[in-house]
Amino acid sequence: MAAPRSTMKFWKPGSEAPGVSEERELPTETAASAVVHNPHAALSVEKQRQKLPVFKHRNNILYLVESYQTVVIVGETGCGKSTQIPQYLLEAGWAAEGKVIGVTQPRRVAATSVANRVAEERGAHLGHEVGYSIRFDDCSDPHATRIKFLTDGMLAREMMADPLLQAYSVLMLDEAHERTLHTDIAIGLLKKIQRKRRDLRVIVASATLDAKKFQNFFNLNESGDPNKDTCGIVSVEGRTFPVDIFYTLSPVPDYVKATVETVLKIHETEDDGDVLAFLTGQEEVETVVCMLQEQARTLSRHGLKKHLRVLPMYAGLPYSEQMRVFERVPPTVRKVVVATNIAETSITINGIVFVIDCAFVKLRAYDSRTAIDSLVVTPISKASASQRAGRAGRIRAGKCFRLYTEEDFEKLPESTVPEMQRCDLAPVVLHLKALGVDNVLRFNFLSPPPAQSLVQALELLYALGGLDQYGRLSEPVGVHMAEFPLSPMFAKMLLESGNFGCSKEIVTIAAMMQIQNVFVALPNQKKAAAREHRKFSVAEGDHLTMLNVYEAFEKHQKSSRWCQEHFLNYRGLVRAASIREQLRRMLNKFRVPRNSSEGDPDVILRCIVSGFFANAARLHHSGSYRTLRDDRELHIHPNSVLYGEKPPKWVVFNEVLQTSKYFMRDVTAVESAWLVELAPHFYKQAKHGSLASKRSKIL
DNA sequence: GTACATCAA
């Protein structure tokens, strides 16, 4: 046999249930509830609803919501909590007197698909009794909607208009254990609101692990008498199949190679069922896919009856390629999906019976001292490992092969560090200030972020003019900045654009910078793609290049074919168009004049500097760059159009990313005089015509 | 010479 036999050895220390809370319902249930206007079908919808595990807890849940201000619900995968609890509340009268039952989700797709399901079950038109609200897509009626699903980010936005959330009688935070930035903000604010609104009920849906933490946080009872507790708790069992966990006998030196071997071993020795393998990044995914495809060819030459179909899955993959992982395969074929963490929570692939878990994930980390973001390959948490394993138990009993020893598993942290503690807090601080939280250092965070991150954020907001010297939100700049659904530097740039006479161009640039992977290329078309991409690039840098791309996109009637021919991300550009529209409306509202630089690039570049002056770097004689703030070494990211070109002396950039080095992303050439002129409070002219940061002098 | 986890407003 030409294919190398696997050397991977696993052992199984006893079975472990994958039970983790989750998310979307089984697709069969959707099918069953599709017909609603036939009375018999409606009856079966009712029966279907009663079969869900959560139904047994209906009265208890309603009792708890009645008696406690907050209820923590520990609901495992497939228990039906997301779709049923809002309906129980509605049936019990919680939407009386025009009040709304709100349910938040971390992701847009979840918000819309769950809303769809519930509307179907109730035989209602989506957008009337049951609706949803996500960015760019508000499908709800302020008079008719009683159950509203929304993204947690959207709830954060709604608080700006309705600080006490008076429209709602109950808010359910679904998937709270994921601890996204917006969920955490909402949690802190809801606790504050509850002190003023005793009638507001909060339901936190979470995994087992964090339930106690949520309960302690929301319990306002300090008397020690459990009868006075303000937070109740209930557990609902799930409906999934058991997953056998296997560990390696010894540590694996190379998990990429081990993944390939394990897939082959499964293919050789296991029954039918598709395979899902988790890796950390695009490059690893492509390597494994490549190696497996080669093996698959060898195997089929040797007449193995079952074929392998190996497919990559990561966010940067073109949409049509992504869709391939959802296609059904004939029974003679075994599907193998090699994915990044996107498959852990964001998407669900049907038919998975085997999971391979390398124990690592790429996570964002934030250094509050240097204000630099990095992407670091980090060991996953136990919660994450359990979530990954659970992916194998959705259609029948499955198996999870962990490419690490049981001993190493025990060393993993219980749960992932919340996003709040590993990101730039400038947007959070601005948001909290806008909601009247004066002392952000004393805000009641569920998991307080490092104090230095908060100080760093306050400093930046002050430099941008969003806060005054007392740390209060400035009028009108700070107030307007907070309203933008963008980071403060972008908001500042937009608000200034009218004064520079280039608001039309800046709106486009800001919108384009919000989407990733504008330029796309499959590994086998890299050369042709690069040739096409070069047609858009300009010497000034990435910002004006993106402006070119968007203007060309509009000139060609936003055609998807044109995008394909030029290796551009069509869906991304469409998204940019709607973001652009939203921003344009906001500029109108703030009375920023609409004007165009009419082809003069300098005005645009100066406007960019007015927002991004803090992110400036100068060329060092070594060929790399140094930040003006604290003389840190930086490099131009290989994805920048300036990479490999003659390096400009001075640049500003959108963000820094640390992988193997510190890379600047979205880089544009500027002139040093602009920095002094546009940020005199930040930089001053030093000797030999160089610039110095005032900040670094102080510290 | 080098290279982007994921989601959201």
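Residue numbers begin at 1 in each chain, while the letters A, B, ... track the order of the sequences. Since the structure is predicted, the reported quantities are computational estimates derived from the model, not experimental observations.
Distances from the side chain of A:Gln282 to the nucleotides B:dT2, B:dA5, B:dT6 place B:dA5 closest. Of the listed nucleotides (B:dT2, B:dA9, B:dT6), B:dA9 has the atom at the smallest distance from the side chain of A:Arg135. Checked against B:dT6, B:dG1, B:dA9, the side chain of A:Tyr643 finds its nearest nucleotide in B:dG1. Of the listed nucleotides (B:dA8, B:dA5, B:dC4), B:dC4 has the atom at the smallest distance from the side chain of A:Phe663. Closest approach to the A:Arg422 side chain among B:dA5, B:dC4, B:dA8 is made by B:dA5 (side chain taken as heavy atoms from C-beta onward). Each of B:dA8, B:dT2, B:dT6 was ranked by its minimum atom distance to the side chain of A:Arg108; first place goes to B:dA8.
Summarising the geometry, the separation between CD1 on A:Ile515 and C1' on B:dA9 is reported as 15 Å, rounded to the nearest angstrom.
Ring planes of A:His533 and A:Phe567: perpendicular class, angle over 60° (limits at 30 and 60°).
Look at A:Lys148 and A:Glu158 and you find a salt bridge, because one of the NZ, NE, NH1 or NH2 atoms lies within 4.0 Å of a carboxylate O, short of that distance. Using a 4.0 Å cut-off between charged side-chain N and carboxylate O, A:Glu419 and A:Arg364 make no salt bridge.
Within the 4.0 angstrom heavy-atom criterion, no nucleotide atom of any strand lies near A:Leu181. Residue contacts for A:Thr340: at a heavy-atom cut-off of 4.0 Å it reaches the sugar-phosphate backbone alone, with no base atom in range. Residue contacts shown for A:Leu375 include a base, since a base heavy atom lies under 4.0 Å away.
For the pair A:Arg632 and A:Tyr662, the distance from NZ or CZ to the six-membered ring centre is under 6.0 Å and the angle to the ring normal is within 45 degrees.
For the pair A:Pro485 and A:Asn341, nearest-nucleotide mapping onto DNA chain B gives the more 5' position to A:Asn341. When each of A:Gly316 and A:Gln514 is assigned the nucleotide of DNA chain B bearing its nearest heavy atom, the one mapping closer to the 5' terminus is A:Gly316.
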